[in-house]
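Working notes, structure below.
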Amino acid sequence: MRESIIQKYQEIQAVLDEDLRTTLSHLEMEERAAVSALDGLMERSCCLIQEIEQDLSRLTVAQDQTETEPDTMSIFSYPEQQATGTVDRVLDLLNRTDPSSVRLDEAKAEQILSLTNNMLLLICSQTPIIHTLLKSYSSEVTLDPETAHPKLIISPQGDSATYTDTWQQLPDLPGRFDITLNVISLQGFCFGRHYWEIDVTGKSYWELGVTYPTIPRKGTSEACWLGRGNESWCIEFFDGEYTAWHGGVPHQLPFTKHFCRIGVFCSFPAGLVTFLAADNMTPLFSFCAAAFSDCLHLALCPGHDHNGINAKPIVISNALSPSADR
């Protein structure tokens, strides 16, 4: 009995250690994303300070001229307009760089502490805290067939997209992608926290992420591809490599394993988009947008079938449950 008890506590300790490692990894990733966003804001602030110094220099010259020229109004009118423009830019930057708009997700930390009170139940079921927490943010989504490329077959339930070689005779709607093999969700989300899991089992190429509804849908523009413009964030799997994309900037990821399920988490309070390997809750990459400017839609691209190698559908696999206002 003693050996059995010792073994059971060792199993519990192993689960706790793995859960702690995963949770801390997520928190560190959020911190790095927030620090990166703050660095960018500081750089823009420095540029604005330089502009203000140049404006002050011009104003000083204009002030000196007013002491010697009789027509002071005509001399000072243009610098005054410049000063007004500078004030507007300063106020705009202050509004956009308010520290309260760039913060870590405190609510998540509070929920983690709350969940620790039920640690024993979690250990018994061997469900990691971070997975339970993210699952609580699961939001119901269905794919919008009116946005799907004509070579994508959307399931009647709206939970999967499959590539077909046959060009389907569908109405050429303004919201339909006509070049890129994309489809986005019917539902958009403008606040709270949301989580989805997508099954990519057996696929050799796919792209998935979130997008503003303003993403271009027509033509060969790079911005039509997920992550290539400022309207979308995505992770791509191609030729055994993972790449995170936003604004046309690729981020090569150090993973070679073929994950079967990918988690997508977005937090409006934190301005965060996080991708995870839902198989074991391994963090893949996080983007910190500081603040989202529009609603977000789930976006999927199953890719071409590549002679049958990539013929399987891409499936929204997490259980559908209404999202609470969190």
Side-chain angles (χ1 to χ4, degrees), residues 134-135 138-168 170 175-189 194-211 215 217 224-228 231-246 253 255-266 273-282 284-285 296-320:
L134 291 177
K135 277 287 191 179
S138 293
S139 301
E140 181 175 354
V141 289
T142 53
L143 298 176
D144 185 358
E146 294 189 351
T147 67
H149 185 279
K151 284 193 173 184
L152 294 184
I153 298 175
I154 308 303
S155 65
Q157 299 79 13
D159 62 351
S160 70
T162 307
Y163 174 82
T164 175
D165 265 336
T166 303
W167 184 280
Q168 303 174 87
L170 301 174
R176 188 181 302 282
F177 292 93
D178 64 352
I179 297 296
T180 53
L181 297 172
N182 295 338
V183 59
I184 68 174
S185 65
L186 183 63
Q187 299 82 359
F189 302 89
H194 307 276
Y195 177 72
W196 306 280
E197 286 184 6
I198 293 87
D199 192 332
V200 292
T201 303
K203 296 191 66 61
S204 59
Y205 170 63
W206 48 260
E207 295 181 11
L208 59 89
V210 293
T211 181
I215 184 173
R217 318 284 178 95
C224 296
W225 294 84
L226 298 182
R228 273 55 167 191
E231 299 87 358
S232 58
W233 296 257
C234 91
I235 187 169
E236 172 193 64
F237 178 72
F238 178 70
D239 198 22
E241 296 183 350
Y242 294 88
T243 308
W245 288 88
H246 173 63
L253 308 184
F255 304 100
T256 56
K257 179 181 177 181
H258 285 217
F259 297 113
C260 295
R261 295 161 72 94
I262 303 297
V264 182
F265 173 69
C266 63
V273 177
T274 296
F275 298 97
L276 316 97
D279 310 59
N280 54 12
M281 303 311 291
T282 299
L284 300 178
F285 198 82
L296 291 177
H297 293 252
L298 183 65
L300 306 178
C301 171
H304 294 83
D305 64 356
H306 291 169
N307 297 322
I309 298 177
N310 192 47
K312 290 192 174 182
I314 188 168
V315 183
I316 304 172
S317 59
N318 57 302
L320 302 180

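- Under a 3.5 Å cut-off, the side chain of His149 and the backbone N or O of Lys151 do form a donor-acceptor pair.
- With a 4.5 Å cut-off on side-chain heavy atoms, Val264 and Val210 count as touching.
- With contacts defined as side-chain heavy-atom distances shorter than 4.5 Å, the pair Cys234/Arg228 qualifies.
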Start with the C-alpha gap between Trp206 and Glu236, add the side-chain angles, then the distance that decides, and say whether side chain to side chain contact (heavy atoms under 4.5 Å, CB included) holds.
CA-CA 6 Å; Trp206 48 260; Glu236 172 193 64; 6.0 Å; no
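- Of the possible polar contacts, none joining the Asp199 side chain to the Val315 backbone as a donor-acceptor pair under 3.5 Å is found.
- Side-chain atoms of Glu146 never come within 3.5 Å of backbone atoms of Gly175 as a donor-acceptor pair (strictly under, hydrogens ignored).
- Across all non-hydrogen atoms, the minimal contact from His246 to Ser232 is ND1-O, 2.8 Å.
- No side-chain donor-acceptor contact under 3.5 Å links Asp305 to the backbone of Asn310.
- Taking the six-membered ring where the residue is Trp, Tyr195 and Phe265 present tilted rings, their angle falling between 30° and 60°.
- Note that CD1 of Ile316 is 10.0 Å distant from CG of Leu208, once rounded to the nearest 0.5 Å.
- Residues Thr211 and Ala299 approach most closely at CG2-CB, 3.9 Å, considering heavy atoms.
- Taking all atoms of both residues into account, the shortest heavy-atom contact from Leu276 to Met281 is CD2-CE, 4.1 Å.
- Side-chain atoms of Asp279 come within 3.5 Å of backbone atoms of Arg261 as a donor-acceptor pair (strictly under, hydrogens ignored).
- Between atom CD1 of residue Ile184 and atom CG of residue Leu226 there is a gap of 9.5 Å, rounded to the nearest 0.5 Å.
- Of all heavy-atom pairs between Phe285 and Leu253, the closest is CD1-CD2, 3.6 Å.
- The aromatic rings of Tyr205 and Phe238 stand perpendicular to each other, their planes meeting at an angle above 60°, with 30° marking the opposite boundary.
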Before giving the answer on side chain to side chain contact (heavy atoms under 4.5 Å, CB included), spell out for Ile235 and Leu284 the whole-Å C-alpha distance, their side-chain angles and the decisive distance to 0.1 Å.
CA-CA 9 Å; Ile235 187 169; Leu284 300 178; 3.6 Å; yes
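- In this structure, NZ in Lys312 is found 13.5 Å from OG in Ser160, a value given to the nearest 0.5 Å.
- With Gln187 contributing its side chain and Thr142 its backbone, the two residues share a donor-acceptor pair below 3.5 Å.
- Around NZ of Lys203, the count of heavy atoms belonging to other residues, nucleotides or ligands within 6.0 Å exceeds 12.
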The test is side chain to side chain contact (heavy atoms under 4.5 Å, CB included); show your working for His306 and Ser204 and say whether it passes.
CA-CA 9 Å; His306 291 169; Ser204 59; 4.1 Å; yes
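- Rounding to the nearest 0.5 Å gives a distance of 9.0 Å between CG of Asp144 and NE2 of His297.
- Residue Thr274 holds its OG1 atom at 8.5 Å from CG of Leu134, rounded to the nearest 0.5 Å.
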Before you tell me yes or no, could you show the steps for Leu143 and Asp159 under side chain to side chain contact (heavy atoms under 4.5 Å, CB included), namely the whole-Å CA-CA distance, both residues' side-chain angles and the distance that decides it to 0.1 Å?
CA-CA 6 Å; Leu143 298 176; Asp159 62 351; over 6 Å; no
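- Between Phe189 and Trp196, the gap from one ring centroid to the other is short of 6.0 Å.
- Asn182 places no side-chain N or O within donor-acceptor distance of the main-chain N or O of Arg176, the cut-off being under 3.5 Å.
- Phe259 and Tyr242 have their aromatic ring centers within a separation under 6.0 angstrom.
- In this structure, the separation between CD on Glu207 and OG1 on Thr180 is 9.0 Å, given to the nearest 0.5 Å.
- Here the shortest heavy-atom pairing between Tyr163 and Leu152 reads CA-CD2, 4.1 Å.
- Contact of the Thr147 side chain with the Arg217 side chain is registered, since non-hydrogen atoms from C-beta on lie closer than 4.5 Å.
- The two residues Leu296 and Trp233 come nearest to each other via the heavy atoms CD2-CZ3, 3.9 Å.
- A donor-acceptor pair under 3.5 Å links the side-chain atoms of Gln168 to the main chain of Pro150, judged by distance alone.
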